[in-house]
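Since we're looking at a predicted model, the values are computed, not measured. Ligands are counted one by one from 1 in listed order, and the atoms in each one are counted from 1 as well.
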Amino acid sequence: MKTTNQKTATDWNDYSRSFLSVMPSQMLALNREVASHLTGHVADLGCGSGKIIPFVLDNPLVTGYTGVDSALEMVTKARWMADQFPQKPAQIIHARIEDVEIPKADSALSINSYYNWPDTRRVLTKIADILSPGATFILATINTRLDMQALLNSAEKECIAHPHWSEFRDHNLRICESSSIKLLELDELIRETQLAGFAVEQAHQHLYEGGLSLLVLRKDFSES
Ligand SMILES: C[S@@+](CC[C@H](N)C(=O)[O-])C[C@H]1O[C@@H](n2cnc3c(N)ncnc32)[C@H](O)[C@@H]1O
């Protein structure tokens, strides 16, 4: 396991412009896969710029969306994104997940936010609290096998002409090199989610060339 201090909301604000607009195919595949598991009103914890909103709201089983993020620039962009898809209700809350009352949800997701949480167990427990027993929670986060340089080399072939590509690439390299991230082996991540009250239905590392762990979790019935 590797951990240091966390990135601040200001760091994330700087990343928001390129993060909203650049979507390499590995990220697209991730967003599509995660959105396909969701139902009812969805909570997105650490929603960033809301890149997944079009995919979530397009799922016929989804009725609405609540995103939560602590970086104001990310929130502003996520609100813009939600406004582009007015067919279902969507709201974005500007707050740290651990500090705010989050409305109950029928299913939840969190993509690449976990590694920045100061107290991951506390946040996972908070997510379990907003879900009913049996509800789905999809947790995706980069892991110890991630080779960010290799992943970016691959993405560059698709995105090099994008006006924000170099900004996106440099931010991603900074996230992995100098900052402040909690990267776990898959079995460590699984153990932590179980301790927070989830059962693991599926777990894989097919995306990001092995560098991303994706868990399909169910809120335990025993916790009710
Ligand atoms: C790499 S971005 C991922 C955004 C989005 N989930 C996606 O995949 O498109 C990580 C986001 O997590 C947010 N974040 C990190 N820790 C947080 C916390 N404790 N509470 C709320 N948001 C948090 C950051 O502000 C940032 O926008």
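- For the residue pair Lys51 and Asn31, the shortest heavy atom distance occurs at CB-ND2, 4.2 Å.
- Residue-level proximity to ligand 1 for Ser16 is absent, since no heavy atom of it falls below 4.0 angstrom.
- Neither the backbone nor the side chain of Tyr114 comes within contact range of ligand 1; no heavy atom lies under 4.0 Å.
- Near Tyr115, meaning under 4.0 Å from any of its heavy atoms, are these atoms of ligand 1: 1 (C).
- With a 4.5 Å cut-off on side-chain heavy atoms, Glu201 and His37 do not count as touching.
- Checking Thr76 against Trp80 by side-chain atom types alone, no donor-acceptor pair falls below 3.5 Å.
- Residue Ser70 places at least one N or O, backbone or side chain, under 3.5 Å from an N or O of ligand 1.
- Between Ile97 and ligand 1, an N or O atom pair is found at a separation short of 3.5 Å.
- Residue Asn116 has at least one nitrogen or oxygen atom sitting less than 3.5 Å from a nitrogen or oxygen atom of ligand 1, judged on distance alone.
- Residue Asp69 has at least one N or O atom closer than 3.5 Å to an N or O atom of ligand 1.
- Proximity annotation for atom 6 (N) of ligand 1: of Ser110, Gly46, Gly67, Gly46 comes nearest, heavy atoms only.
- Atom numbering of ligand 1 starts at 1 in the shown order; those under 4.0 Å from a heavy atom of Ile111 are 3 (C), 5 (C), 6 (N), 8 (O).
- The shortest distance between side-chain heavy atoms of Leu186 and Asn143 does not fall below 4.5 Å.
- Ligand 1 places these atoms under 4.0 Å from at least one heavy atom of Lys51: 9 (O).
- Closest approach of Tyr208 to Met27, counting heavy atoms only: OH-CG, 3.7 Å.
- Each of the atoms 1 (C), 2 (S), 3 (C), 10 (C) of ligand 1 lies under 4.0 Å from some heavy atom of Asn112.
- Here the closest heavy-atom approach between residue Cys159 and residue Val22 is recorded as SG-CG1, 4.1 Å.
- When all heavy atoms are compared, the tightest approach of Arg218 to Gly134 is CD-O, 3.3 Å.
- When heavy-atom distances to ligand 1 are checked against a 4.0 Å cut-off, Cys47 comes that close only through its backbone atoms N, CA, C and O.
- Between Glu98 and Lys126 there is no salt bridge, since no side-chain N of the basic residue sits under 4.0 Å from a carboxylate O of the acidic one.
- Here the side chains of Phe198 and Ile127 are in contact, with some heavy-atom distance below 4.5 Å.
- Annotation for ligand 1: atoms under 4.0 Å from non-hydrogen atoms of Ala95 are 21 (C).
- Checked by atom type and distance alone, the side chain of Thr39 never pairs as donor or acceptor with a backbone atom of Leu61 at under 3.5 Å.
- Near Glu98, meaning under 4.0 Å from one of its heavy atoms, ligand 1 places the atoms 18 (C), 19 (N), 20 (N).
- Applying the 4.0 Å criterion to heavy atoms of Ala71 picks out, from ligand 1, the atoms 25 (O).
- Counting atoms of ligand 1 from 1 in the listed order, those under 4.0 Å from a heavy atom of Met74 are 27 (O).
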